[in-house]
A.B. asks: 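Got a structure for you, questions after.
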2 protein chains.
Amino acid sequence: MTITSIHQEEQPTENHSLVDRVETQIVELLRQQKLKVGDVIPKEMELTEMLGVSRTVIREALMRLKVMGLIESKKRKGSVITSPDIFNVLSKSMNPHILDQETLKDMFELRLALEVGMADFIFQRITPDDINELKEIVSKEPEASEEDRFFIEHEISFHSKLYEISNNQSLKNFQKLLLPLFDYVHNSGLLKIPVNSLRYVSHKGLVDVLENGSPELFRNAMRNHLENHFLRLF
Amino acid sequence: MTITSIHQEEQPTENHSLVDRVETQIVELLRQQKLKVGDVIPKEMELTEMLGVSRTVIREALMRLKVMGLIESKKRKGSVITSPDIFNVLSKSMNPHILDQETLKDMFELRLALEVGMADFIFQRITPDDINELKEIVSKEPEASEEDRFFIEHEISFHSKLYEISNNQSLKNFQKLLLPLFDYVHNSGLLKIPVNSLRYVSHKGLVDVLENGSPELFRNAMRNHLENHFLRLF
DNA sequence: TGGTCATATTATGTATAACATAATAGTGAT
DNA sequence: ATCACTATTATGTTATACATAATATGACCA
């Protein structure tokens, strides 16, 4: 099962339009020429001659690559290959109003799994400064005003800091991407009402574990901290 | 911090091209008309009149929405709103040959976090049949031929089954999406050579925990099982 | 009446040509 | 040598015409 074989499987049928084929031809061309990030790709007119199709088709194919974040085009300079920020791409189709409810629920679960599972990366990369910053955030937390908008903002800033500590840019982008979804999910009655609103492990408790505990302990603490969210699912 | 406010933040500058603006106008239009999945959107010519731009621009904007999986277009019928399979969208820009190494490493970490963190969903939804299937897979595993292609395939089929048990379609799609990446990462020397090749917790051990243990135990067992992968990162 | 086939219609897909615009290169004057 | 102006280049936008596929229409026949 090689990479290429897997990719081929994704396009089994023959119902490709001309633009479809041209798109893959261009990607293939770029790969063959071993073009790296920053290199300029052939001009639109050159591509029309190379591939024998109209500029319209070339432009539509290039437009796709642009949307995918594979290239960027500038006037006169032409198009250059870019390093696609895949989550930025994703964010454009992540419109909560359009995604179906099942997917929204799935994404919510995905987030919970990530926050529980990223313990090792946090422990591997956390610094004393990070600990202090987390303590700072905790100290400014509002007390017991559960429904408050202010409370949610603090909730977000604490967890965002954890993602930042993981030092995984894709993970950070992913979280940023999910934020508007949760906002939507919370307001849309898609999930059950929380059974009770007390948090078993507080943010302060999590910081303690980060300071003195282990990844194992942190996973369990985080799982516990998120208990309310899990209860809303099961 | 509402959804809309967050979305607006993503487009701060004024460097939008005409197609950019038309794209958002169309999405806005669809939202205002409260169009749901399956509804047909205005024809290209109608949009040209509504928005006062050429059909080409309309088509390029619609092309973007197509790439994002928001609409599908059929001849004569026009374009209809679809429920975007966001990970299918993502897969198109997930070309391992184009993604930079940092992103590849990030995705690898993301996978590890997910597999450790999804314990609760597996436990919540696993059935006796699933257990039997896992046992079946384990029984067919090759012995100690670590480098073997055959071994990797069994590794994949075991872990794929776990994703399936999670009953989270987005999660499953995500894994499917990541498979070619790992293939690439493994072959590209991007990660360190594994320090030693023994697995601390075997697949059989994981199944035992699934049968008799708890989410907590499973998280630790899975973390242990993946030890080699973590060692390659740290 | 009811069904089947050819034809018209409709909306997307593709091709071509022309002009607009922005960025760069090049030229010339001081 | 520097600055300003112009020419050039490649993408951005518009307009038009034709191709193609899917559907609707309607005539025709049994």
A.B. asks: Can you tell me how far C1' of D:dG12 sits from CD of A:E60, to the nearest Å?
C.D. replies: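 That distance rounds to 14 Å.
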A.B. asks: Do the side chain of B:R76 and the base of C:dG13 come within less than 3.5 angstrom through a donor-acceptor pair of N or O atoms?
C.D. replies: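 No, the side chain and the base share no sub-3.5 Å donor-acceptor pair.
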A.B. asks: Expressed in angstrom and rounded to an integer, what is the separation of A:R59 atom CZ from C:dA17 atom P?
C.D. replies: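 Atom CZ in A:R59 sits about 17 Å away from atom P in C:dA17.
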A.B. asks: Between B:E60 and B:R64, does any NZ, NE, NH1 or NH2 come within less than 4.0 Å of an OD or OE carboxylate oxygen?
C.D. replies: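 Between B:E60 and B:R64 there is no salt bridge, as every charged N stays at least 4.0 Å from the carboxylate O atoms.
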A.B. asks: Specify the separation, in whole Å, of atom CD1 of B:I41 and atom P of C:dT12.
C.D. replies: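 These atoms are roughly 8 Å apart.
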A.B. asks: Between A:L47 (CG) and D:dA10 (C1'), how many Å, whole number?
C.D. replies: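 For the pair A:L47 CG and D:dA10 C1', the rounded distance is 12 Å.
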A.B. asks: 5'-most contact on DNA chain C: A:G52 or A:K75, nearest heavy atom basis?
C.D. replies: A:G52
A.B. asks: Round to a whole Å and report the spacing from CD of A:E49 to C1' of C:dT16.
C.D. replies: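 Rounding to the nearest Å, CD of A:E49 and C1' of C:dT16 are 14 Å apart.
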A.B. asks: To the nearest Å, how far apart are B:M63 CE and C:dT12 C1'?
C.D. replies: 11 Å
A.B. asks: With nearest nucleotide decided by heavy atoms, which residue, B:K74 or A:S54, maps closer to the 5′ end of DNA chain C?
C.D. replies: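 On the 5' side of the pair lies B:K74.
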A.B. asks: Nearest whole angstrom, please: distance from the C1' of D:dT11 to the CG of A:L62.
C.D. replies: 10 Å
A.B. asks: B:K77 near the nucleic acid: base, sugar-phosphate alone, or nothing, with a heavy-atom cut-off under 4.0 Å?
C.D. replies: nothing
A.B. asks: Is B:K34 salt-bridged to B:E28, cutoff N-O under 4.0 Å?
C.D. replies: no
A.B. asks: Whether A:K43 contacts D:dT8 is assessed here as follows: a side-chain N or O lying under 4.0 Å from the phosphate OP1 or OP2. Is that the case?
C.D. replies: no
A.B. asks: Categorize A:S73 for me: base, sugar-phosphate, or nothing, with a 4.0 angstrom heavy-atom threshold over every strand shown.
C.D. replies: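 Sugar-phosphate, backbone atoms only, no base.
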A.B. asks: Distance check needed: C:dT12 C1' versus B:M45 CE, whole Å only.
C.D. replies: 12 Å
A.B. asks: Could you tell me whether the side chains of A:N173 and A:S170 share a donor-acceptor contact shorter than 3.5 Å?
C.D. replies: no
A.B. asks: Cut-off 3.5 Å, side chains only: do B:Q169 and A:D106 have a donor facing an acceptor?
C.D. replies: no
A.B. asks: If you only use heavy atoms from C-beta on, which nucleotide in D:dT13, C:dA15, D:dG12 is closest to the side chain of A:V57?
C.D. replies: C:dA15
A.B. asks: Between B:K66 and B:E72, is there a side-chain N and carboxylate O pair less than 4.0 Å apart?
C.D. replies: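 Looking at B:E72 together with B:K66, the answer is no, because their closest N to O distance does not fall below 4.0 Å.
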A.B. asks: Taking the minimum atom-to-atom distance to the side chain of A:R55, which one of D:dG12, D:dT14, D:dA10 wins?
C.D. replies: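 Closest of the options to the side chain of A:R55: D:dG12.
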